[in-house]
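Worksheet: the structure to be examined is printed underneath.
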Amino acid sequence: MSTHLSDQEIVRREALQRIREMGIDPYPAPTYPVNTLSSAIRTSYDPDNNPLPDVCLAGRLMQVRVMGKASFAELQDAGGRIQLYVNRDELCPGDDKSFYNEFFKKLLDIGDFIGVRGHVFTTQTGELTVHVQSLTLLAKSLRPLPVVKTDAEGQVHDAFTDPELRHRQRYVDLVVNPGVRETFLRRSRMIQEMRNCMLESGFLEVETPVLQPLYGGALARPFKTHHNTLDTTLYLRIANELYLKRLVVGGFDGVFEFAKNFRNEGMSRFHNPEFTLVELYVAYKDCYWMMDFVEAMIERVALALHGDTRVTVGEKIIDFKRPWKRYTMAEAIQIHTGTDIRHLDENGLREAARRMNIETDASMGKGKLIDEIFGAAVEPLLIQPTFITDYPVEMSPLAKRHRDHDGLVERFEVICNAKEIANAFSELNDPLDQRERFEDQIKLGLRGDAEAMMLDEDFLRALEYGMPPTAGVGIGIDRLAMIMTNQDSIQEVIFFPQMRPERHAEVED
RNA sequence: GAUCUCGUAGCUCAGCCGGUAGAGCAUUUGACUUUUAAUCAAAGGGUCAUGGGUUCGAGUCCCAUCGAGAUCACCA
């Protein structure tokens, strides 16, 4: 394979060779006795009581300022950056100064992994610094990193900003953009907090199939694949709902799964083809119990991440403090449009949508029409976390019929920052009703709704054995992470967002 | 899928009405034993995304393709 090397890459390969010629292994055996992090030095150093005589740390060399026979450098480790002070005659006590003059000054590059041992002191200008006694190359870097500099006023210069490069080479993004690292740490803490919350409530974390012979549990178009040995079509799951409910049938009273789901639909700053959803099912509870649980869990997440229930998102402040506002879907539509949809039939709804300049088509049934009106006229206005309840039965084929209102189901969504972040039901456990709902979906499919559900005989068989009354919820992790990390694009909260494959230069041989 | 914008050095960006390819940082060489966007002196570095076209002449104008971003559609 022929690759074009830039002059800087050629220089680094030559340096690698010269390092080997000096008898230094550029990729030595991996243990290095690290005993601290730069962040720990920063918090624990006290020049009077705790001089930190022997620190050993490792990381990437990110900047070198050679001052003749002494040099300053910056080392970046998992705790941040710390300055190094390197003195020629201390690094090379004998007559041979080549380790400093040749190796340190000429053959080390920005991005190289090094380990240093020394003591901590403060320079004349007040900078916390490791006075290096010994220095070890741990891994040579052959490609130049973007050099991002921050000046005394905190202004960042030459930031690495191209979204295509940042997302394709997330490893570089993480090295040079500290805020990116912080975003993903925060996402991880968010998931951890939710997991702890559910585990502490006694629920069981489980895993269910990604490859499914029938896709179900959501309204979406799937990815299709093929199993060679079985010679059969399989689908990547669009949801894990039907499998988690099978586990409730089997006697687990509370189960949850952080699940990667796959939906073969458009990509945008709110949509990645694979995304993470946590689903939780709890037996002997209903969706009203689940409202309280979700409210408490997300308030807890906000407090854990920000120390406050208020979270800044763009220009807005979103407050997760309980209790959140609760409206039925019809109430929310009436409040924001002035139209009472409660007694409208399909034609009346179509007419109402037309008056609001909302496009409709012939495949839309009554439920879909209400959903369209809500999505276009109400959802964009809901910034603070808000529960919307009492959805039409037509658009909720897995939810239990409302105990008090015909034509509605026991369901809620949480809308926050104009997007759905959670969706929950009192789960439908009447197997005969469930069969009819699937059959209605098939009719919708025949009308042209590409997202209508398939009939899952095995799931119906499970329900026929009996499922206890159960509350279930799905919470969009990526969407919630966007809010909790103040990011306006889903690609900023997914390490490796889906992108078109890179086209490499033609390879000849 | 539609529309608009963008693609120039390792990174960030200039490049006017079409006339020899530019800067800062990075790199290389030299100076400097407490600097910090280190500084000073010098040098090297480009298939201007790709392919066509118009033109005496294209980074610049036109067309197509590839990639990215934004808005819209679909969805979570």
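Protein chains get the first letters and strands the later ones, always in sequence-line order, with residue 1 at the start of each.
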Would you mind classifying the nucleic acid contact of A/Gly266 as base, sugar-phosphate or nothing, using non-hydrogen atoms under 4.0 angstrom? base
Contact class for A/Asp162 vs. all strands (heavy atom < 4.0 Å): base, sugar-phosphate, or nothing? sugar-phosphate
With a 4.0 Å cut-off on heavy atoms, is A/Phe121 in touch with a base, just the backbone sugar-phosphate, or nothing at all? base
Classify the nucleic acid contact of A/Tyr85 as base, sugar-phosphate or nothing, counting any heavy atom under 4.0 Å across all strands shown. base
Provide, to the nearest angstrom, the distance between the CD atom belonging to A/Glu74 and the C1' atom belonging to B/A37. 10 Å
For B/A14 and B/A73, measure between their C1' atoms and round to the nearest Å. 37 Å
Are A/Gln83 and A/Arg65 close enough that a side-chain donor and a side-chain acceptor fall under 3.5 Å? yes
By the 4.0 Å heavy-atom rule, please label A/Thr150 as base, sugar-phosphate, or nothing. sugar-phosphate
Should the pair A/Lys245 and A/Tyr281 be classed as cation-pi, given the thresholds of under 6.0 Å to the six-membered ring centre and 45° from the axis? no
From CZ of A/Arg221 across to P of B/G1 the rounded distance in Å is 12 Å
Is it the case that A/Glu9 and A/Ser6 place a side-chain donor and acceptor less than 3.5 Å from each other? yes
For B/C32, does the glycosidic angle fall within 90° of 0 (syn) or outside that (anti)? anti
With distance as the sole test, does A/Asp151 use its side chain to make a donor-acceptor pair with the main-chain N or O of A/Gln155 at under 3.5 Å? yes
Please state how far atom CD in A/Glu9 lies from atom P in B/C11, giving the value in whole angstrom units. 10 Å
Where the side chain of A/Ala152 is defined as all heavy atoms beyond and including C-beta, which of B/A37, B/G10, B/A38 is the nearest nucleotide? B/A37
Within 45° of the six-membered ring axis of A/Phe387 and under 6.0 Å from that ring's centre, is NZ or CZ of A/Arg326 located there? yes
Decide side chain to side chain donor-acceptor pair (under 3.5 Å) for A/Asn417 and A/Arg479; before the verdict, give the C-alpha distance in whole Å, the side-chain angles of both, and the deciding distance to 0.1 Å. CA-CA 10 Å; A/Asn417 205 27; A/Arg479 293 273 175 88; over 6 Å; no
Measure up the A/Phe121 and A/His119 rings against each other and bin them: parallel (under 30°), tilted (30 to 60°), perpendicular (over 60°). tilted
Go through the steps for A/Gln487 and A/Thr485 under the test side chain to side chain donor-acceptor pair (under 3.5 Å), then give the verdict. CA-CA 6 Å; A/Gln487 295 295 333; A/Thr485 62; 4.8 Å; no
Scan A/Thr161 against the nucleic acid and name what it touches under 4.0 Å (heavy atoms): base, sugar-phosphate only, or nothing. sugar-phosphate
When we call it a touch if two heavy atoms are under 4.0 Å apart, what does A/Ala159 touch: a base, just sugar-phosphate, or nothing? sugar-phosphate
Sugar-phosphate means primed atoms, P, OP1 and OP2; the rest is base. With that split, encode nucleotides 21-31 of chain B 5' to 3' as B, S or - using protein heavy atoms under 4.0 Å. ---BSBSS-S-
Paired with A/Glu274, the side chain to side chain contact (heavy atoms under 4.5 Å, CB included) test is passed by just one of A/Phe262, A/Phe223, A/Phe496, namely A/Phe262
In whole angstrom, give me the gap between the C1' atoms of B/U20 and B/G59. 13 Å
Check against side chain to side chain donor-acceptor pair (under 3.5 Å), A/Asn87 and A/Lys69: CA-CA 6 Å; A/Asn87 184 304; A/Lys69 296 179 186 65; over 6 Å; no
Which part of the nucleic acid, if any, lies within reach of A/Lys260 when heavy atoms closer than 4.0 Å are counted: base, sugar-phosphate only, or nothing? nothing
Represent RNA chain B in dot-bracket notation, 5' to 3'. Only Watson-Crick or G-U wobble pairs with both distances under 3.5 Å count; pseudoknot-style crossings use [ ] and interstrand partners use |. (((((((..((((.....[..)))).(((((.......))))).....(((((..]....))))))))))))....
Nearest-Å distance once atom P is located in both B/G67 and B/U29: 40 Å
Describe the nucleic acid contact of A/Glu420 in one word from base, sugar-phosphate, nothing, applying a heavy-atom distance below 4.0 Å. sugar-phosphate
For atom C1', what is the distance between B/G45 and B/C6, given to the nearest Å? 25 Å
Heavy atoms from C-beta onward define the side chain here; which of B/C74, B/A38, B/U34 lies closest to that of A/Gln63? B/A38
Run the side-chain contact (heavy atoms from CB on, under 4.5 Å) test on A/Gln384 and A/Ile318 for me, step by step, so that the C-alpha distance in whole Å, both residues' side-chain angles and the decisive distance to 0.1 Å come before the verdict. CA-CA 5 Å; A/Gln384 299 301 320; A/Ile318 295 178; 4.0 Å; yes
Can you give me the N/O atom pairs linking the protein to nucleotides 69-72 of chain B at distances under 3.5 Å, or say none if there are none?
unit_1: B/U71; atom_1: OP1; unit_2: A/Arg269; atom_2: NE; d: 3.3
unit_1: B/U71; atom_1: OP1; unit_2: A/Arg269; atom_2: NH2; d: 3.1
unit_1: B/U71; atom_1: OP2; unit_2: A/Arg269; atom_2: NE; d: 3.0

Would you check if there is a donor-acceptor pair between the side chains of A/Gln76 and A/Arg81 at a distance under 3.5 Å? yes
A/Arg500 side-chain N/O to B/G67 phosphate OP1/OP2 under 4.0 Å: yes
If the cut-off is 4.0 Å, is A/Arg65 near the phosphate of B/U35, judged by side-chain N/O to OP1 or OP2? no
Whole angstroms only, please: what is the NE2-C1' distance between A/His119 and B/U34? 12 Å
Can A/Phe275 be classed as stacking with the base of B/A76, given a centroid separation cut-off of 5.5 Å and a plane angle cut-off of 30°? yes
Find which nucleotide of RNA chain B each of A/Thr129 and A/Glu372 is nearest to by heavy atoms, and output the residue with the more 5' nucleotide. A/Thr129
Atom pair distance, as rounded to whole Å: CD in A/Glu265 and P in B/A73: 15 Å
Would you call the rings of A/Phe184 and A/Phe495 parallel, tilted or perpendicular, where under 30° means parallel and over 60° means perpendicular? parallel
Span that lies between the C1' atom of B/G15 and that of B/A9, in whole angstrom: 14 Å
Using only heavy-atom distances, decide whether a donor-acceptor pair under 3.5 angstrom links the side-chain of A/Glu127 to the base of B/U34. no
On a whole-Å scale, what distance lies between the C1' atoms belonging to B/U28 and B/G69? 36 Å
So, OP1 or OP2 of B/A68: does either fall under 4.0 Å of a side-chain N or O from A/Arg168? yes
Round to the nearest Å and state the distance from A/Leu165 atom CG to B/C6 atom P. 19 Å
Determine the interatomic distance between P on B/C25 and the same-named atom on B/A64; round to the nearest Å. 41 Å
Assign each of A/Pro146 and A/His131 to its nearest nucleotide of RNA chain B by heavy atoms, then name whichever residue's nucleotide is nearer the 5' end. A/Pro146
Expressed in angstrom and rounded to an integer, what is the separation of A/Arg143 atom CZ from B/A9 atom P? 15 Å
Would you kindly say whether A/Gln498 and A/Asn272 are connected by a side-chain donor-acceptor distance under 3.5 Å? no
Quick one: do the A/Ser71 and A/Tyr100 side chains pair a donor with an acceptor below 3.5 Å? yes
Write down the distance between CZ (A/Arg479) and P (B/A76), rounded to a whole number of angstrom. 8 Å
Mind checking the P distance from B/G18 to B/G57? Whole angstroms is fine. 16 Å
